Amino acid sequence: MSVNKNQYSKVKVEKEAARIIVPITSLGKPEIPDDVQVKWQKILDLIAELLHVPSALIMKLKKDRIEVYASSHTKGNPYHKNDSEVLGLGLYCETVVGKRRDLLVKNALESEYWKSNPDIKLNMISYLGFPITWNDGEIFGTFCVLDNKENEYSKLYIDILQEFKSIIESDLNQLTLYEELKDKLTNTDLIVREIHHRIKNHFNVLISSIRLQSKQINNESEFLSILGDITHRITAISLIHEKLYMSKDTSSISIKDYITELCGHIDSNLTKSDINLIVDANDIIVNQEQMLPIGLIIAELTTNSIKYAFHSIERPYIKIKISSTSLKRLSIHYEDNGVGLPEGFDFESSNSFGMLIIKSLIKQLNSEMKIINKPGFNCKFSVQIY
């Protein structure tokens with residue numbers, strides 16, 4: 001649904017000296033579909049038949065006119081679809097929309113105010129009408145019946161019209177809800193498309209990694225090791241997708257939940273020893289665009305620690321601390337108590353496949369990684385949250 005552009009009408013109301021301003025159907029409101037119009041037409045025809053009156057109408061209020069939106073197909077009915085009259089003449093319907101309540105005029109000829117209203121020229125001397133409103137209070141128009149003779153309209157008839165008025169307003173509300181849901185679904189669809197686009201890009205990276213690493217395979221053991229690395233990268237991506245799918249917010253998720261589950265998965269699949277895995281993070285919400293590279297970096301670091309760092313460590317541990325600052329900057333500190341990196345290791349010049357992935361992801365986050373080697377392995381990087 002497009003953004004609402006408010007509109008107003010000025011109507012002449014019984015016993016009011018000045019004209020009343022009322023909000024009318026804004027430009028953003030949905031159009032009435034054909035099947036609803038057919039339904040309304042059946043209602044008008046049924047009401048005219050039940051009440052034995054020549055005219056049952058649905059009127060639509062416009063900026064300076066009121067228009068016959070639908071009219072009963074009854075003998076002697078002088079009103080036709082699209083007929084209209086300017087506002088300010090003291091029409092029955094003007095008082096209904098101006099006061100926002102029903103109006104009963106038994107015999108206009110007996111009223112000083114009503115005997116000169118324009119409908120008298122059509123010999124419509126009695127009137128019963130109700131305002132029709134959208135769910136936000138804007139006036140659609142009126143639902144009314146008119147007769148060419150005096151008519152008191154029994155309480156039963158008034159109750160029947162009130163029920164049909166409610167049906168019409170319910171239709172308007174359902175149309176509004178449908179448009180809102182359609183907009184949300186469209187927006188969600190765009191988000192999902194973007195997520196799939198990013199996932200596709202990351203899977204393309206994984207496919208490339210498979211091709212590159214496949215050249216290094218010399219035996220079954222190496223094959224299983226590389227396959228495990230790739231599996232953990234896929235897990236980092238699929239977990240993002242799962243978290244977003246289950247979240248009310250399809251653009252952001254909790255980094256604490258995501259990193260805890262991701263590291264737990266890697267630990268349970270790789271290690272045969274008791275590694276103490278500690279994730280210290282507040283419930284910080286991060287958008288999926290930044291969360292995925294962060295998750296892939298931590299997945300690489302955790303995989304490397306578990307595979308290479310703890311061969312001679314009695315009580316191995318991995319600590320991941322994630323915190324945010326008042327400047328909306330996310331700080332990630334990764335630490336293990338393993339054997340550390342080889343002597344003379346240089347992060348910037350390293351060409352190992354895992355480090356190449358990490359450097360690429362750090363660059364994607366517009367960040368820098370600081371590495372402190374021994375005792376154990378420590379690294380820090382930060383990300384500006386947006």
Side-chain angles (χ1 to χ4, degrees), residues 8-25 40-41 43-133 139-165 168-169:
Y8 299 90
S9 290
K10 291 183 179 180
V11 295
K12 186 178 179 181
V13 176
E14 181 187 18
K15 298 180 181 178
E16 295 288 345
R19 291 172 68 174
I20 304 297
I21 298 175
V22 295
I24 63 173
T25 304
W40 289 1
Q41 184 64 57
I43 288 174
L44 294 177
D45 293 341
L46 177 60
I47 285 295
E49 182 180 349
L50 286 174
L51 273 64
H52 306 290
V53 295
S55 300
L57 308 173
I58 293 175
M59 306 292 292
K60 185 170 185 180
L61 188 61
K62 298 194 170 182
K63 291 181 76 171
D64 55 5
R65 307 181 72 82
I66 189 162
E67 178 182 278
V68 177
Y69 189 82
S71 180
S72 60
H73 298 145
T74 41
K75 185 178 180 180
N77 185 2
Y79 303 98
H80 304 91
K81 183 178 176 64
N82 298 326
D83 286 350
S84 66
E85 186 64 86
V86 295
L87 299 173
L89 300 178
L91 295 158
Y92 298 123
C93 291
E94 288 187 83
T95 289
V96 173
V97 297
K99 293 188 175 182
R100 290 178 174 262
R101 59 177 176 82
D102 58 288
L103 171 68
L104 170 58
V105 178
K106 299 176 182 178
N107 188 341
L109 299 178
E110 296 179 354
S111 166
E112 284 298 317
Y113 181 81
W114 293 115
K115 69 180 182 181
S116 59
N117 88 83
D119 291 296
I120 297 298
K121 297 177 183 178
L122 299 174
N123 198 32
M124 295 292 108
I125 64 171
S126 67
Y127 173 92
L128 175 61
F130 300 83
I132 301 172
T133 62
I139 300 289
F140 178 87
T142 64
F143 173 47
C144 58
V145 293
L146 299 99
D147 202 348
N148 52 16
K149 61 183 181 299
E150 182 175 312
N151 195 328
E152 294 188 1
Y153 301 101
S154 69
K155 184 180 184 303
L156 175 61
Y157 287 165
I158 293 173
D159 289 344
I160 290 172
L161 261 70
Q162 183 70 55
E163 288 300 316
F164 279 112
K165 160 199 151 69
I168 294 168
E169 289 184 332

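For clarity, every value in this text was computed on a predicted model and none was experimentally measured. The figures that follow rest on heavy atoms only: side chains count, while hydrogens, waters and symmetry mates do not.
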With sequence neighbours left out, the residues meeting salt bridge (Lys or Arg N to Asp or Glu O under 4.0 Å) with Lys62 are Glu67
Residue set satisfying salt bridge (Lys or Arg N to Asp or Glu O under 4.0 Å) with Glu14, at least two apart, ordered chain then number -> none
Kindly say whether [Y] contributes a backbone atom to a donor-acceptor pair with the side chain of [X] at under 3.5 angstrom?
{"X": "Glu94", "Y": "Val11", "result": "no"}
{"X": "Asp45", "Y": "His73", "result": "yes"}
{"X": "Lys81", "Y": "Ser71", "result": "no"}

Quick note, ring-ring contact (aromatic ring centres under 6.0 Å, His included) partners involving residues 89-113, not counting sequence neighbours, are Tyr92-Trp114, Tyr92-Tyr127
Which distance, rounded to the nearest 0.5 Å, do you find between the [atom1] of [X] and the [atom2] of [Y]?
{"X": "Met124", "Y": "Asn77", "atom1": "CE", "atom2": "CG", "value": "7.5 Å"}
{"X": "Lys149", "Y": "Asn151", "atom1": "NZ", "atom2": "CG", "value": "6.0 Å"}
{"X": "Lys12", "Y": "Thr95", "atom1": "NZ", "atom2": "OG1", "value": "9.5 Å"}
{"X": "Leu128", "Y": "Asp102", "atom1": "CG", "atom2": "CG", "value": "7.0 Å"}
{"X": "Ile58", "Y": "Lys165", "atom1": "CD1", "atom2": "NZ", "value": "11.5 Å"}
{"X": "Ile47", "Y": "Leu57", "atom1": "CD1", "atom2": "CG", "value": "12.0 Å"}

Side-chain contact, heavy-atom cut-off 4.5 Å: [X] with [Y]?
{"X": "Leu89", "Y": "Leu87", "result": "no"}
{"X": "Leu146", "Y": "Val53", "result": "no"}
{"X": "Leu44", "Y": "Tyr69", "result": "no"}
{"X": "Asp147", "Y": "His52", "result": "no"}

**Message:** Are more than 12 heavy atoms, taken from residues, nucleotides or ligands other than Arg100, located less than 6.0 Å from that residue's CZ atom?
**Reply:** yes
Open item on the list: side-chain contact (heavy atoms from CB on, under 4.5 Å) for Ile20 and Val22? Distances and angles first, verdict last.
Closed with: CA-CA 6 Å; Ile20 304 297; Val22 295; 4.2 Å; yes
On a heavy-atom basis, which atom in [X] and which in [Y] lie closest, and how many Å separate them?
{"X": "Val13", "Y": "Gly98", "value": "CG2-CA, 3.8 Å"}
{"X": "Ser55", "Y": "Pro78", "value": "OG-CD, 3.5 Å"}
{"X": "Pro54", "Y": "Gly76", "value": "CB-O, 3.8 Å"}

Test side chain to side chain contact (heavy atoms under 4.5 Å, CB included), reference Phe140, set Ile168, Thr133, Leu61, Ile132, output is Ile132
For a quick check under 3.5 Å, do Thr74 and Glu49 share a side-chain donor-acceptor pair by atom type?
no
Applying side-chain hydrogen bond (donor to acceptor under 3.5 Å, both in side chains) to Arg65 and not counting sequence neighbours gives Ser84
Contacts of Lys121 meeting side chain to side chain contact (heavy atoms under 4.5 Å, CB included) (sequence neighbours excluded), chain-then-number -> none
Run the side-chain donor-acceptor check on residues 154-164: report pairs under 3.5 Å with partners two or more places apart or on a different chain.
residue	atom	partner	partner atom	Å
Ser154	OG	Tyr157	N	3.3
Lys155	NZ	Asp159	OD2	2.9

| message | With side-chain contact (heavy atoms from CB on, under 4.5 Å) as the criterion, how do Met59 and Val68 come out once you've worked through the C-alpha distance, each side chain's angles and the decisive distance to 0.1 Å? | response | CA-CA 5 Å; Met59 306 292 292; Val68 177; 3.7 Å; yes
Between Tyr8 and Lys63, is there a cation-pi geometry (under 6.0 Å to ring centre, at most 45° from the normal)?
-> no
